[in-house]
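Just so it is clear, the structure is predicted and the values come from calculations on it, not from any experiment.
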Amino acid sequence: MKSLFDTKISYYSNVEDNVGTEISLRDFLFCDKYKEQIEHIRSIKDEEQQKSLKKQLPLATISGTFAPTRKAENLVSHSNLLCVDIDKKDNMSVPWFDNLKHEWHNIPQVLYAAHSVRGEGWFAIFHIAYPEKHRAHFEALQRDFANSGLVVDKSCKDVSRMRTISYDPDPYVNEAATLYNKVWVEPKPTIHIPYSGGDDIAQVEKCCRIIADRGIDITATYDGWFHVGAALASLGERGRSLFHLVSSQNAKYKAAETDRKFDNFLRNVSSINIGTFFHICSQYGINWKEDRL
């Protein structure tokens with residue numbers, strides 16, 4: 001059976017290299033060619049000097065191979081791996097932070113964990129179940145670590161995130177890492193919509209009830225989402241909860257993003273009225289005049 005450490009990833013000579021070559025995860029993680037350079041970096045007290053020297057070291061994209069250049073949209077093959085960084089500066093209040101090496105065995109999905117370049121932080125590589133849900137896996141991991149009192153670097157949600165080569169004489173290695181299968185799904189809002197009957201807002205509320213009851217997504221495209229939001233914003237703040245309800249029928253719904261978009265509509269859009277919302281609803285067979293909800 002092929003080892004996960006034989007998985008191919010993209011390797012870059014330094015931070016300026018954006019094309020890279022292929023290398024096995026094993027050759028990247030267990031390389032001691034840069035041991036002296038890394039130990040020198042760790043011996044320096046000046047943080048800026050450390051960062052400058054770190055930029056000269058090779059890097060790799062742990063989550064896969066990329067071509068022709070390193071961009072998320074240029075992912076060739078996902079490695080089924082996700083690397084999280086846990087920086088000391090983000091976890092100064094955690095008294096047991098320096099002893100994390102004794103805790104990795106409690107997380108069966110960790111394939112490998114070790115000290116990062118400067119020797120103060122940690123990184124851990126997880127074997128994930130659904131590579132196409134990379135970001136959702138990261139969101140779940142971020143919450144799992146938070147429940148343990150640890151903050152992970154949110155930049156790791158980027159599938160093309162690079163990891164600088166490091167050296168640890170005693171890394172945690174678990175060839176039998178199990179699959180991490182948790183994914184974060186943004187919860188849909190629970191919003192009470194009183195039906196008041198008669199005016200525009202009542203008609204909009206009835207349409208929204210139909211949308212929610214039948215799970216109809218009228219925001220599948222960005223253009224549709226924009227026009228629905230702008231139309232509901234013509235109702236002022238009364239339209240905010242309705243925009244959330246309608247937006248939440250889409251699998252990519254995020255509450256914070258929806259709020260920011262609605263704020264923008266309130267400030268900057270005045271040329272779209274509620275008639276646009278009714279028109280879009282009609283295209284999906286949604287009619288507020290229906291007798292039943």
Side-chain angles (χ1 to χ4, degrees), residues 72-73 129-130 132-147 151-152 154-155 157-159 181-293:
E73 58 265 34
Y130 312 110
E132 72 279 6
K133 297 180 179 179
H134 180 99
R135 183 167 294 215
H137 273 309
F138 172 78
E139 297 282 358
L141 276 169
Q142 186 179 39
R143 286 165 172 80
D144 280 350
F145 274 104
N147 289 336
V151 175
V152 301
K154 63 183 179 181
S155 300
K157 64 186 174 184
D158 180 1
V159 70
N181 54 24
K182 292 174 67 175
V183 292
W184 172 254
V185 178
E186 182 89 22
K188 293 184 178 181
T190 302
I191 301 171
H192 173 66
I193 305 175
Y195 178 60
S196 49
D199 55 7
D200 277 350
I201 188 67
Q203 294 164 8
V204 172
E205 288 167 356
K206 186 170 182 181
C207 287
C208 289
R209 281 180 175 274
I210 294 169
I211 288 168
D213 288 348
R214 301 179 188 174
I216 302 170
D217 179 14
I218 67 172
T219 63
T221 66
Y222 177 80
D223 184 68
W225 188 54
F226 179 94
H227 282 85
V228 166
L232 291 173
S234 70
L235 300 174
E237 277 298 333
R238 292 185 301 173
R240 187 182 295 272
S241 62
L242 301 174
F243 186 42
H244 275 284
L245 187 66
V246 173
S247 298
S248 69
Q249 306 311 308
N250 189 284
K252 296 180 180 179
Y253 166 75
K254 290 189 178 298
E257 183 182 358
T258 302
D259 254 337
R260 285 194 297 270
K261 200 65 180 176
F262 195 80
D263 289 340
N264 180 266
F265 290 141
L266 290 176
R267 289 193 303 267
N268 302 313
V269 180
S270 59
S271 58
I272 299 175
N273 60 36
I274 200 60
T276 298
F277 175 75
F278 290 128
H279 173 70
I280 294 172
C281 284
S282 69
Q283 293 177 319
Y284 287 82
I286 301 163
N287 187 343
W288 65 270
K289 293 181 180 179
E290 290 184 24
D291 291 335
R292 63 184 178 86
L293 291 179

In terms of ring plane angle, is the pair [X] and [Y] parallel, tilted or perpendicular, where the classes change at 30° and 60°?
X	Y	result
His137	Tyr130	parallel
Phe265	Phe243	perpendicular
Tyr222	Phe226	tilted

Closest non-hydrogen atom pair, [X] against [Y]:
X	Y	result
Asp259	His244	OD1-NE2, 3.1 Å
Ala220	Asn250	CA-ND2, 3.7 Å
Ile218	Ile286	CG2-CD1, 4.0 Å
Ala230	Val269	CB-CG1, 3.8 Å
Trp225	Ser247	NE1-OG, 2.8 Å

Identified side chain to side chain contact (heavy atoms under 4.5 Å, CB included) partner of Val246 from the options Val204, Val228, Ile280: Val228
Test applied, side chain to side chain contact (heavy atoms under 4.5 Å, CB included); reference residue, Arg240; option that passes from Thr258, Leu232, Asp263: Asp263
Heavy-atom check, side chain of Gln249 versus side chain of Ile216, under 4.5 Å: no
Salt-bridge present (Arg143, Glu139; N to O < 4.0 Å): yes
When rounded to the nearest 0.5 angstrom, what is the spacing between [atom1] in [X] and [atom2] in [Y]?
X	Y	atom1	atom2	answer
Ile211	Asp217	CD1	CG	9.5 Å
Leu235	Leu266	CG	CG	10.0 Å
Cys207	Tyr284	SG	OH	13.5 Å
Ile274	Ser234	CD1	OG	4.5 Å
Cys208	Leu245	SG	CG	6.0 Å
Thr221	His227	OG1	NE2	9.5 Å

